[in-house]
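All remarks here apply to the structure that follows.
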Amino acid sequence: MASGHVIKRAKYKTSPKGAGTPGVLKMTENKIMFKPNDPTSASKIDVEFRSIKGYKNTKEGSNNPPLLNLSLEQGGSYIFEFENFLDLQVCREFVGNALTKSGDAAKAKSGDTAKAKSGEAVATSDRSTVTYPDEQLISSAEMELRIKLLRENSELQNLHKKFVLGNILTESEFWATRKKLLDGDSGTKSKQRVGFKSSMILDIKPMTDGRTNKVTFNLTPEIKYQIFALKPAVHRAFLNHVPNKMTEKDFWTKYFRAEYLHSTKNAVAAAAEAAEDEELAIFLKDDDILANAARQKIRRVDPTLDMEADQGDDYMHLPDHGIFRDGSKEITDSQHEQFKRTFLQDLNRQGEVVLEGRTIDVELEDPRTVAEALAQSRQESDENAKQERLDRISRMTEMEDLQAPHDHPLAPLCIKDPRDYFDSQLLKISDDTRAGSEQLRCSLSSEEAYGSLRGSISEIKAMGLSDPVVRPEVAVMVLNGLTQNISSTKFQLGKNAQESILNSLPNTTKEELLHHWISIQELLRHFWSSYPITTSYLYAKVSRVKDAMSKIYPQLEEIKESVPSDLRQQVFLLVRPMHQALDAAFQHYEADLQKRSAKSGEKPNGYV
Amino acid sequence: MPSAPTKLYADDVSLLVVLLDTNPFFWSTSSLPFSKFLSHVLSFLNSILLLNQINQIVVIATGCNSCDYIYDSSLSTNPGIENGKLPALCSELLKKLEDFVTRDEQLNKQHSLPPTTTSSSLLSGSLSMALCYIQRVFRSGPLRPHPRILCVQGSSDGPEQYVAIMNSIFSAQRSMVPIDSCYIGSNNSAFLQQASYITGGVYQKPQQLDGLFQYLSTVFATDLHSRAFLQLPKSVGVDFRASCFCHKKTIDMGYICSVCLSIFCKHHKKCSTCGSVFGQAQSDVASASNLKRKTPET
């Protein structure tokens, strides 16, 4: 793959349907050439990758031949048909890599013409000594995503411009720390599963041409799937009869005949037909399946629910509430009751299936596989349901006050007799920590100390209070000391949540500070993630990052000096952590360097 | 002593409980002599009594081995009568103080186990006494005063009193009694900083010790009601560090019992306060994450 060129037999086409010109396609790092087998043919191609905007290809497994479509920047496209998909695959990857590379170069060019192809330049200059992780392995889709991210986020763009184009970080290093950004974005694009259509398919409108008695139904695989899901009777019949007893076409014809009879609301006719044709009948009566389903549903009901009390509200056997689908005329004909399907039942079934979602994940082309997959998934869910039901019963029927308490993973809080604790602590202190805590150990013995204290007391007794208590000049000093703070900003800072120090600074300083913060964070992230240095590549990276950081250092100093004096203190407070973070990094770098040189004096090139 | 049938409500009346540090070891090293210090404090106490006729002062001596009430203006029998050079207040107080020092010395001799005892005073004891007194005044007596506590402290914190002091601080906070502190030692006192911070009092560390009276009268003389109108010095930072329960060391990072919030400087198998058994720390990384750093607020 890393080889510099690809040569494949291919047909050049101007349109996907055309016959094409057979020939040889040759791709090098920056060029695509096509030589037709017939040297007289005019369809010779020789273009650079730079002029190619993107590519498309056909998927393996589809009915289309292996085609690769390269679209040109100026419009138009080249289409190549390969002999097999393997060839297509190879070429596709090659084109993808070549495109991202030329994209890089183009970007670099637009950013800074003096340093044209900077990404390449860095790579080549360092490649002599170090090996880079393969940078060419990005798909064009990811490339596009990166460009999009940069465009949307100006902060990111600034960083990218500063570090990647400034040769401090490579493209891949820059993005490696932002994998989440890339992933997160691509994650939002796909993944949404298509659910079950929520529209009712029960009313597939027949089309009549008006002249004859012929009625046409249009069926798609999707509709077939929906029918299977919604009508268990049809599903079962399909599994039983197709293709043994009848063809698929016959099956669907019969089905729609039954459906048509039903839709004409002619229950008598439906009954007559059913009597004649037993296969047809199965579509019209799905009682046993429904009853089965109903039984299952009843089992799923909360076992503590009193079903008998609710029997009066039985909707299953009541006339439907005037909704158009079931003719209320039918009620009279009680003997044909089995052929009535109530609209409400249909509606409920539809709702159930839609909520269940798409349970199978197969191509919808072949109705037979669809039917089988559906049957299987149903079986599985039945088993699950059984287990779930058992769990549920045991959960629901338990009487709370008869159960042992759930064992919480907690231990009760018990404070032992506090005196034990304090007494034992007191003893401990008296021996072990006295020496540590004593800052003020006086040279006097306790007698002398007490003596002097008593001396002072008797002294003041004899002398009386000193007069004046405070000398005026001292008093003035104290007063000044106590009041000067009142006006000082030092005491106002941080007291107001809405006010930030940053907002009190001039705009340019503020922006500069924020920008430096972001840059430093980015650099430090790269710096620290490179440790421990295990490869020479990391070594080179660390020294590059370190150099960049040492450039920022004096810039911070400049900011500090440029602000007016009343704000200097605040700026100093803001800049200090930055300096500290940088200092820590430098210190680590120096220490590591020393360790390295001490350990491997004979290997000065930084190999560990 | 003024007696009134119902409790008097006056917003500018103070009940001031002053805790005086009488640690001989501190005073023998202090740059401010004890006699000078007393002179400043006594003048201050006098001026408090002069500010309002029904102001009340209680002085508690904080010694090394004991604490005791050494003055209570409500019990003073002969207010205002001068006795030679000193006001009655002073002579009474000084006499009591002298007795107290003698008693404290005797106590020191009784359990003088090591030759050099701890240099910290029993601040927790005197704080508790002050709070007890205030509670008694709340429940009895004719006045509904606005009590506050002023700690005039010089000796350094005794980390072994951490739990007791913190408990006193929290009970002061509960009974809405601000603890003001005037710390005249060399470094800041974390206990007093926290005490003032939590109870809404003022913490002051005078720079000019010979102007102590000026500090006291400027910062601590005003009653609680008037404080609302003054810009008193605000503390720049509070040292919130705690002492561990196991060795009473002041720590900035430690382990905390997840059940009772006891603080330890190293990992224990069992909490010594509540007896909860801790799981083994899985690795160094895991245990490091349990450490909580507490840094002084700046």
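Since we're looking at a predicted model, the values are computed, not measured. As a basis for the values below, the full set of heavy atoms in this structure was taken, side chains included, without hydrogen atoms, waters or symmetry mates. Every chain is numbered from 1 and lettered A, B, ... according to where its sequence line falls, protein lines coming before strand lines.
For the atom pair CZ of B:F100 and CZ of A:R454, the computed distance is 12.5 Å after rounding to the nearest 0.5 Å. To the nearest 0.5 Å, atoms OG1 (B:T22) and CD1 (A:I457) are separated by 8.0 Å. Between atom CD1 of residue A:I460 and atom OG of residue B:S91 there is a gap of 11.5 Å, rounded to the nearest 0.5 Å. Note that CG of A:L482 is 12.5 Å distant from CD of B:Q231, once rounded to the nearest 0.5 Å. Here the straight-line distance linking atom CG of A:L453 with atom CH2 of B:W27 works out to 9.0 Å at 0.5 Å rounding.
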(request) Kindly indicate, with the supporting measurements, whether the criterion side chain to side chain contact (heavy atoms under 4.5 Å, CB included) is fulfilled by B:Q214 and A:V476. (result) CA-CA 9 Å; B:Q214 192 61 53; A:V476 168; over 6 Å; no
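Within a 6.0 Å radius of CD in A:E473, more than 12 heavy atoms belonging to other residues, nucleotides or ligands are found. Annotation: A:K546, atom NZ; neighbour count of heavy atoms from other residues, nucleotides and ligands within 6.0 Å is above 12.
Contact tally against chain A (heavy-atom pairs below 4.5 Å) for B:G185, B:S43, B:P206: the top residue is B:S43. With chain A as the partner, the residue from B:F37, B:F213, B:Y215 showing the most heavy-atom pairs under 4.5 Å is B:Y215.
Only the side chain of B:V219 comes within less than 4.5 Å of a heavy atom in chain A; its backbone stays farther off. At a 4.5 Å heavy-atom cutoff, B:Q207 makes no contact with chain A through either its backbone or its side chain. When heavy atoms are compared at a cutoff of 4.5 Å, B:T250 does not approach chain A at all.
Nearest heavy atoms, A:A449 versus B:S28: CB-OG, 4.5 Å.
Paired with A:K461 under the rule side-chain contact (heavy atoms from CB on, under 4.5 Å), one option of B:L38, B:L97, B:L94 passes, and it is B:L94.
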